Amino acid sequence: MSNKFFNILAGFLLLLASGSLFATQVDRVTLDEAISEAGLIFQGTVTKIESRIASDMGSNYEKEFYAFVTFRVDRLIKGQIEGGGATFTLPFISCVVFDYKKQMARLEQQPTMNPTEAVIEQQPAMTEQLGEGMVCMVSGMPRFMIGDSDILFVHGNYAYAMNPLVGWWQGRFSIVNNKIYPVTWLTKEGGIDFTAPYGLEDEQEAEKLGQVLPQKARKHGWTQPQDARRMGPDEFVEVIEKKLRGLEKNQFMAGAQTQKPVKSADFKDSFYYRGAKAMFEQNQKRVAGLLEMPTFGVQQGE
């Protein structure tokens, strides 16, 4: 891979870092907690990813980036979408679509261009993901691609949130070849087991070799739960819906109010550059030593 690529990527990361760069720490979230906290749970397919810089949205805080990820809503599991739309868009701060092919072509046309300018220049027009894909400068952010199929747990009110998903990466369950990832097993009791120490690539390699379990599972001495089977999206949704019925019954007994419909994100909404302003001012205070870096409990991967 050429040095130009690394120059582009390095410059781009420095640009993002000058706006928002955080080592993310997030508390572990159980499935029950995610179901309870989410204002919206849906199964969707990524149809479009658009990058925006705050300055493109009417703000002077040009160093804040957003990736707006639009999903076709394939199945609504909990909650309602404001306006009842068939699509739903989520905003992820400090993320952009990084298309290596397009940025390289731009630099070939104008070799003296600053690599970061090549990134900035392309953001407003980027509506498809063709090259390197969605890049985020905050650990724990999910990275989507066109065509991804997911079950998502969304906060009912994600105002000023850097990540609209419950528990950040924990609020996303990917569907690949009709299986749920992170790896989930349906137990004989009708519950869910997340303890498998392997992922998508491990499982795909095992299937190629005709193995029941990946080498990584055997290496760790892990065996599948007795009488359990790999979980698909339909089974996963059934478990969620069963838990929801129990939760709704308890809430009804306690006199809980119905949650409001969740609004789809729109980069034309002035809310996002107001959010960029708030983030910018917080960063300035941290640089000045007036605020501590945020910590939220258990670090990712622990």
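This is a predicted model, so every value here is computed, not measured.
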Exercise. Using 30° and 60° as the class limits, which term best fits the ring planes of Trp222 and Trp185: parallel, tilted or perpendicular?
Worked result: tilted
Problem set entry | Check: Gln226 main-chain N/O paired with Lys188 side-chain donor or acceptor under 3.5 Å | no
For this session: Assess the side chains of Thr45 and Arg72: does a donor N or O sit below 3.5 Å from an acceptor N or O?
Result: yes
Seminar exercise, completed: Joining Ile, Leu, Val, Met, Phe, Trp and Tyr whenever any side-chain heavy atoms lie under 4.5 Å apart, the cluster holding Leu209 also takes in none
Problem set entry | Residue that, paired with Ser264, satisfies side-chain contact (heavy atoms from CB on, under 4.5 Å) out of Leu90, Leu40, Thr89, Val73 | Thr89
Exercise. At their closest point, which heavy atom of Leu244 faces which heavy atom of Ile77, and how far apart are they?
Worked result: CD1-O, 3.6 Å
Problem set entry | Heavy-atom pair with the smallest gap, counting every atom of Thr187 and Ala228 | CA-CB, 4.0 Å
Problem set entry | Inter- and intrachain pairs under salt bridge (Lys or Arg N to Asp or Glu O under 4.0 Å), touching residues 215-226, at least two apart | none
Exercise. Out of curiosity, does Ile192 fall in the hydrophobic cluster containing Val183 (side-chain heavy atoms, cut-off under 4.5 Å, transitive links)?
Worked result: no
Exercise. In chain order, what residues pass the side chain to side chain donor-acceptor pair (under 3.5 Å) check against Thr223, with sequence neighbours excluded?
Worked result: none
For this session: Compare every heavy atom of Pro164 with every heavy atom of Pro91, then report the nearest pair and how far apart it is.
Result: O-CD, 3.1 Å
Problem set entry | For Val29 against Gln170, the heavy-atom pair lying closest together | N-OE1, 2.7 Å
Exercise. So, for Phe92 and Tyr66, is the gap between ring centers shorter than 6.0 Å?
Worked result: no
Exercise. Hey, is the main chain of Glu37 close enough, under 3.5 Å, to the side chain of Glu33 for a donor-acceptor pair?
Worked result: no
Problem set entry | Donor-acceptor contact below 3.5 Å, side chain Asp150 vs main chain Leu152 | no
Exercise. Between Glu238 and Glu235, is there a donor-acceptor pair closer than 3.5 Å when you use the side chain of the first and the backbone of the second?
Worked result: no
For this session: Using modelled atom types only, decide if a donor and an acceptor are shared between the side chain of Asn163 and the backbone of Leu165 within a distance under 3.5 Å.
Result: yes
Exercise. Crowded around Glu201 CD? As in, over 12 foreign heavy atoms under 6.0 Å?
Worked result: no
Exercise. Above 12 or not: heavy atoms from other molecules or residues under 6.0 Å from CD of Gln211?
Worked result: yes
Problem set entry | Contacts of type salt bridge (charged side-chain N to carboxylate O under 4.0 Å, His left out), residue Asp32, not counting sequence neighbours | Lys243
Problem set entry | Residues forming a side chain to side chain donor-acceptor pair (under 3.5 Å) with Arg230, sequence neighbours excluded | Glu203
For this session: Return yes when atom CZ of Arg75 has more than 12 non-hydrogen atoms of other residues, nucleotides or ligands closer than 6.0 Å, and no otherwise.
Result: yes
Problem set entry | Exercise: identify the closest heavy-atom pair between Gln43 and Val237 | OE1-CG2, 4.4 Å
Problem set entry | Set of residues satisfying ring-ring contact (aromatic ring centres under 6.0 Å, His included) with respect to Phe42, sequence neighbours excluded | Phe71, Phe88
